[in-house]
Protein chains: 2
Amino acid sequence: MESKEQPPEGRAAAERAASAISAAIRDSRFGPGQRLVEPELARLLGLGRGPVREALRLLSAQGLVTIERNKGAVVSRASRAMVAEVFEMRELVEGLAARRAARRVAERGCPAALLAALRDEEARCAESDPLTLIDANERLHQLIASAGGGDVARRTLTHLQLPELRTRFFQIMSPRNWRLSREDHVAVLRAVIAGDHDRAEQAMRTHVRRTASLLAELPEGTFP
Amino acid sequence: MESKEQPPEGRAAAERAASAISAAIRDSRFGPGQRLVEPELARLLGLGRGPVREALRLLSAQGLVTIERNKGAVVSRASRAMVAEVFEMRELVEGLAARRAARRVAERGCPAALLAALRDEEARCAESDPLTLIDANERLHQLIASAGGGDVARRTLTHLQLPELRTRFFQIMSPRNWRLSREDHVAVLRAVIAGDHDRAEQAMRTHVRRTASLLAELPEGTFP
DNA sequence: GTTGACGGAAATGTTAGCAATCATGTAAGC
DNA sequence: GCTTACATGATTGCTAACATTTCCGTCAAC
């Protein structure tokens, strides 16, 4: 995940640990059910157990790991039902975020970041590197979640993570689906920039639902 | 501080610290903006800085405290706009939770806890002790959030807390409003028990919106 | 009088080490 | 042969101490 992040120095140890572990989980290098043993991670990351422990608690709040008292942390095992539930929730949360973003644009004008995002999406060609596309997708969703003013929406979103995210995206995102996704993004951004909150919310909900239904069509046995 | 909690022993120190601090914040004994100094809390609670630190991080995820790097934790300062945003979000989240609960009842029958909750609500008289009413209200919302099956809804709700909750309730909940609230609860529970997910969601959203509008009518200067 | 730098105190970030708890494998008993 | 009791190892929970950063008051200089 921090392929292009800052050099490890300059950030706090706990944050480094959190990003590193989070990246490993979302890239499926740490698979569901895998135990995350504190001393082991500490040795791997070259720091003490304190920051690792803190990072694991943080990831637990985000839903990426599950912690049991006196038993330690395990990478969360997301059943099909849980994936559905998370996306049911994301549809509401991201829909509301888009609505709030549009409202804010209507009231205070459009921040440059949204215009830039729209240009990026329109210019993007679906044949790019999938990893780049995945990163850009995440950044866009974060941007819209933050564009509404408060940070309740963004915070809520970060608590709705799923493990193996990137692997799942590789499975469902054919070039055709990337094109559809791009069109969704453009529609959402246009509605937000136009300040049309109803259309913005609807567009975002449609987009999230599309992703959810792609995930739902994954073959049996993909989820534990 | 932990008025009717379990005897402090038997639970982990970090959890004790979290409940104690959380209770103090929601009861306005720690007011918005107040610094929460780790060594001080540790001394107060009779334990080391480790568990206190962990508790503060947890409360930060719940929105009750705000942590800045190298600066420490302060009780969150919820502006009027932030309260509105949180309740906008809660309306969606709790509405979905009620819908999921109703769906589950329709599929698998009604758990006894819901029937008991309905009996309790119907039997409750609005003249009870306000603290009891507040606690019962929280328990009911938690129950419905948990009744949908997965725990994504419940987890999401716990991340949408506000400081000074009890004080605000004391301000807005006149006997008349408690009666209305009770009627809302009964309506939600009846819809859930009947397995009518549309009505359940609508009833819950109406209920949350009522609370939000009561909070919105608080006099100027109530929020920072 | 105001601004700036400097120094000390306090709080946070981090590490290392000890105590308590849980899992595992082994051996004894039925 | 299967179950149960037990001992050992490993891991988590917690505390205490160290390092680093920030904040605040003081003092000098302009």
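Just so it is clear, the values below take in all heavy atoms, side chains as well, and ignore hydrogens, waters and symmetry mates. The sequence lines fix the lettering, A, B, ..., with proteins before strands; numbering per chain opens at 1.
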In plain terms, say whether [X] and [Y] are close enough for a salt bridge, that is, a side-chain N and a carboxylate O under 4.0 Å apart.
{"X": "B:Arg57", "Y": "A:Glu54", "result": "yes"}
{"X": "B:Arg100", "Y": "A:Glu85", "result": "yes"}
{"X": "B:Arg166", "Y": "B:Asp135", "result": "yes"}
{"X": "A:Arg205", "Y": "A:Glu94", "result": "no"}
{"X": "B:Glu107", "Y": "B:Arg103", "result": "no"}
{"X": "A:Glu138", "Y": "A:Arg26", "result": "yes"}

*Could you give the angle between the helix axes at the two ends of the helix from C:dG1-D:dC30 to C:dC30-D:dG1, with five pairs per end, rounded to 10 degrees?*
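Inter-axis angle at the termini of the helix from C:dG1-D:dC30 to C:dC30-D:dG1: 20°.
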*asked:* A side-chain contact here means heavy atoms from C-beta on lying under 4.5 Å apart; do A:Glu38 and A:Leu56 qualify?
replied: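 Result yes, sub-4.5 Å side-chain heavy-atom pair found.
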*In B/S/- notation, 5' to 3', how is nucleotides 5-19 of chain C contacted by protein heavy atoms closer than 4.0 Å?*
------SBBBB-B--
*Between B:Arg43 (CZ) and D:dC14 (C1'), how many Å, whole number?*
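In whole Å, D:dC14 C1' and B:Arg43 CZ are 19 Å from each other.
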*When A:His141 is tested against each of A:Arg90, A:Arg154, A:His207 for side-chain hydrogen bond (donor to acceptor under 3.5 Å, both in side chains), which residue passes?*
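So the option named by the test is A:His207.
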